[in-house]
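Before any comments, here is the structure.
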Amino acid sequence: MSTEQRAGWLYADMEIVEKEDALLSPEERMAEAVEPLLFWFQKNARILPWREEPTPYHVWISEIMLQQTRVEAVKDYYRRFLEALPDIQALAQVPEERLLKLWEGLGYYNRARNLKKAAEETVNRYGGELPASYEELVSLPGIGSYTAGAIASIAFGIPVPAVDGNVLRVTARLMADTDDILKQSVKRRTEALLQKIMPRDEAGAFNQALMEIGALVCVPNGAPHCSRCPLEGLCLACRYGKTDVIPVKTPKKARTIEERTIFAVARGSEVLLRKRPEKGLLAGLYELPGASGYLTEQEALDFLGLEEKDAVVLEKLPEARHIFSHVEWRMQGYYISLRDEAQTKAGFFAERETAREAYALPGAFRAYAAYLFDRKS
DNA sequence: AAATCGGGGTG
DNA sequence: CACCCAGATTT
């Protein structure tokens, strides 16, 4: 629609101010949002550990940790991680076992492996400093379009967008856009739109302002707090009362259920562990040995390669379950205390304290690990 | 485009 | 209980 048409409509119906506003193009509407967002962010930015000294390394670590992970969950991991690995060189050299132990419980463990790979590349190709360009950043392992944009804008002041779930939700509501925000075409379109209106000198603050609005005001769960939003008068979803149906997201596929049997095996002061495969779920982490399906006591002994005389105690444990994003484990457990001479090929024995301190054991095993670690025997 | 990859908070 | 989160990578 041309400026003349818009003006014509406006002059024809001066009373209806909403109509004039409804004629803004997405780009114009987004451009109108820049100053209010920057002003709001100045006053409402949370104090977060990674905002104290936003070096490229600090921003990088925080952004990787924050992928699909809430701010509150990240804080303590972030502090502990930086204490252990204060710079890129330390990260490039850390043994993988120690790295995974630092990441234990945070999930998406390939993030940690990719972090180390990228640190090695940074040392080898860029002299140990993260490159100050979006293109080079996005080519590093674990750094996609969002994270490259976040590091580039926040740490280097490069005017590029950083489009995450918050930004997609806020922009979809601002435009009352009913397209599925999970489609990559919508993400690309949003990036292109934001690139056009990006404030050249405040890209970092602007990107963070959009995300901060999404986290604090235009929230993902429950109704947004539109009365506290600096974009209230500009937002079409708010005006049309559609914040409950926007953003549109296609439902995810239902989880598959897997039945497993887990073995909590003790032998004196030792416990039985097993290293998981290097690919797939919980890759490279440690676990209590297990088998698919529900095993009887005899099948359990057979699986472990034990004879009846080896097991001093063989106790069936309560069922436990653990929910991953796309799989649910329903677990039957056995607590087995072995005589000192007993052997098994189902895993390796580690001293209880060593196992606790040195091996990354995911939370999925917590219920049964408690029988080994939190209980005298 | 769809599936994979964790764990925890929230209504 | 279902949904979502400062996503990236593989298939």
Side-chain angles (χ1 to χ4, degrees), chain A residues 45-46 48-51 54 58-78 100 103-115 117-118 137-155 161-170 180-188 191 204 206-216 218-224 244 247-256 276-285 287 321-329 360-366:
Chain A
R46 287 170 292 181
L48 298 171
W50 42 92
R51 286 180 176 165
H58 290 173
V59 174
W60 177 35
I61 300 303
S62 69
E63 292 300 343
I64 298 297
M65 287 186 170
L66 286 162
Q67 288 170 5
Q68 296 291 284
T69 310
R70 296 171 189 272
V71 165
E72 285 309 314
V74 167
K75 285 181 178 174
D76 287 341
Y77 281 93
Y78 174 81
L100 290 174
W103 210 268
E104 180 184 37
L106 200 51
Y108 287 152
Y109 297 93
N110 274 333
R111 292 186 292 178
R113 305 166 188 288
N114 285 334
L115 216 38
K117 282 186 205 164
L137 287 168
V138 83
S139 74
L140 288 168
I143 299 183
S145 64
Y146 162 73
T147 305
I151 299 172
S153 63
I154 299 171
V163 175
D164 70 340
N166 286 313
V167 175
L168 286 169
R169 182 174 59 258
V170 171
D180 181 355
I181 64 169
L182 293 183
K183 291 169 65 177
Q184 53 188 34
S185 60
V186 172
K187 180 173 177 177
R188 281 195 301 266
E191 287 170 337
F206 177 65
N207 286 335
Q208 292 183 84
L210 268 176
M211 292 188 273
E212 200 84 341
I213 280 285
L216 301 180
C218 197
V219 293
N221 299 317
D244 55 336
V248 173
K249 302 179 83 165
T250 53
K252 298 169 209 165
K253 195 185 73 168
R255 272 187 291 272
T256 59
R276 292 183 58 81
E278 294 298 333
K279 285 190 176 292
L281 190 65
L282 304 172
L285 279 73
E287 65 177 349
R321 46 181 74 184
H322 186 83
I323 298 172
F324 301 95
S325 39
H326 60 297
V327 185
E328 175 176 339
W329 281 357
L361 187 70
F365 303 97
R366 187 173 307 150

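Chain letters run A, B, ... following the sequence lines, proteins first, then strands; residues in each count from 1.
His322(A) has no side-chain polar atom (N or O) that falls below the 4.0 Å cut-off from OP1 or OP2 of dG6(B). Using a 4.0 Å cut-off, some side-chain N or O of Asn166(A) falls inside it from OP1 or OP2 of dA6(C). Lys249(A) has a side-chain polar atom (N or O) that falls below the 4.0 Å cut-off from OP1 or OP2 of dC5(C). The side chain of Lys279(A) places no N or O atom within less than 4.0 Å of a non-bridging phosphate oxygen (OP1 or OP2) of dT4(B). Contact annotation: Thr69(A) does not reach the phosphate of dG7(C) (side-chain N/O to OP1 or OP2, under 4.0 Å). Within the 4.0 Å cut-off from OP1 or OP2 of dT4(B), not a single side-chain nitrogen or oxygen of His326(A) is found. OP1 or OP2 of dG7(C) has at least one side-chain nitrogen or oxygen of Gln68(A) nearer than 4.0 Å. In this structure, Gln208(A) does not reach the dA6(C) phosphate: none of its side-chain N or O atoms is under 4.0 Å from OP1 or OP2. Residue Arg169(A) has a polar side-chain atom (N or O) positioned under 4.0 Å from OP1 or OP2 of dC5(C).
Using a 4.0 Å heavy-atom cutoff across all strands shown, Leu48(A) reaches at least one base atom of the nucleic acid. Contact annotation for Tyr146(A): base contact, defined as any heavy-atom pair under 4.0 Å involving a base atom. Across all strands shown, Ile64(A) has no heavy atoms under 4.0 Å from either base or sugar-phosphate atoms. Among the heavy atoms of the strands, none lies under 4.0 Å from Ser62(A). Residue Gly280(A) is in sugar-phosphate contact alone, with no base atom involved, counting any heavy-atom pair closer than 4.0 Å across all strands shown. Trp103(A) comes within 4.0 angstrom of no nucleic acid atom, judged by non-hydrogen atoms across all strands. Within 4.0 Å of Gly222(A), counting heavy atoms only, lies no atom of the nucleic acid at all. Contacts of Lys187(A) with the nucleic acid, taken as non-hydrogen atoms under 4.0 Å apart, involve only primed sugar atoms and P, OP1 or OP2.
Nucleotides dC5(B) and dC1(C) have their C1' atoms positioned 22 Å apart, rounded to a whole Å. As rounded to the nearest Å, dA3(B) and dC3(C) have P atoms that lie 16 Å from one another. When the P atom is used for both dA6(C) and dT10(B), the distance is 12 Å, rounded to whole Å.
One interatomic measurement links the two molecules: CZ of Arg113(A) to P of dG7(C), which rounds to 21 Å at whole-angstrom precision. We find that CG of Asn110(A) is positioned 7 Å from P of dG6(B), with the value rounded to whole Å. If you take CZ of Phe324(A) and P of dG8(B), they are 11 Å apart, rounded to a whole angstrom. Between Lys252(A) atom NZ and dC5(B) atom C1' the separation is 12 Å, expressed in whole Å. In this structure, CG of Leu285(A) is placed 13 Å from P of dC5(B), rounded to the nearest angstrom.
Aromatic ring centres of Tyr77(A) and Trp103(A): separated by at least 6.0 Å. Between His322(A) and Phe324(A), the gap from one ring centroid to the other is short of 6.0 Å.
In summary, the side chains of Glu63(A) and Tyr146(A) do present a donor paired with an acceptor at a separation below 3.5 Å, with no hydrogens or angles considered. Side chain to side chain, Arg169(A) and Asn166(A) meet the donor-acceptor criterion of an N or O pair below 3.5 Å.
Considering only residues two or more places apart in sequence or on other chains, Arg321(A) meets the salt bridge (Lys or Arg N to Asp or Glu O under 4.0 Å) condition with Glu319(A), Glu328(A).
When the nucleotides dA8(C), dC5(B), dG7(B) are ranked by their closest atom to the side chain of Tyr108(A), dC5(B) comes out on top. The side chain of Arg255(A) lies closest to dA2(C), out of dA3(B), dG7(C), dA2(C). The nucleotide whose nearest atom lies closest to any side-chain atom of Arg366(A) is, among dG8(B), dG6(B), dA6(C), dG8(B). Here the nucleotide nearest the side chain of Tyr109(A), chosen from dC5(C), dT4(B), dG6(B), is dG6(B). Of the candidates dG8(B), dG6(B), dA8(C), the closest approach to any side-chain atom of Arg70(A) belongs to dG8(B). Nearest to the side chain of Leu66(A), among dA6(C), dG6(B), dG7(C), sits dA6(C).
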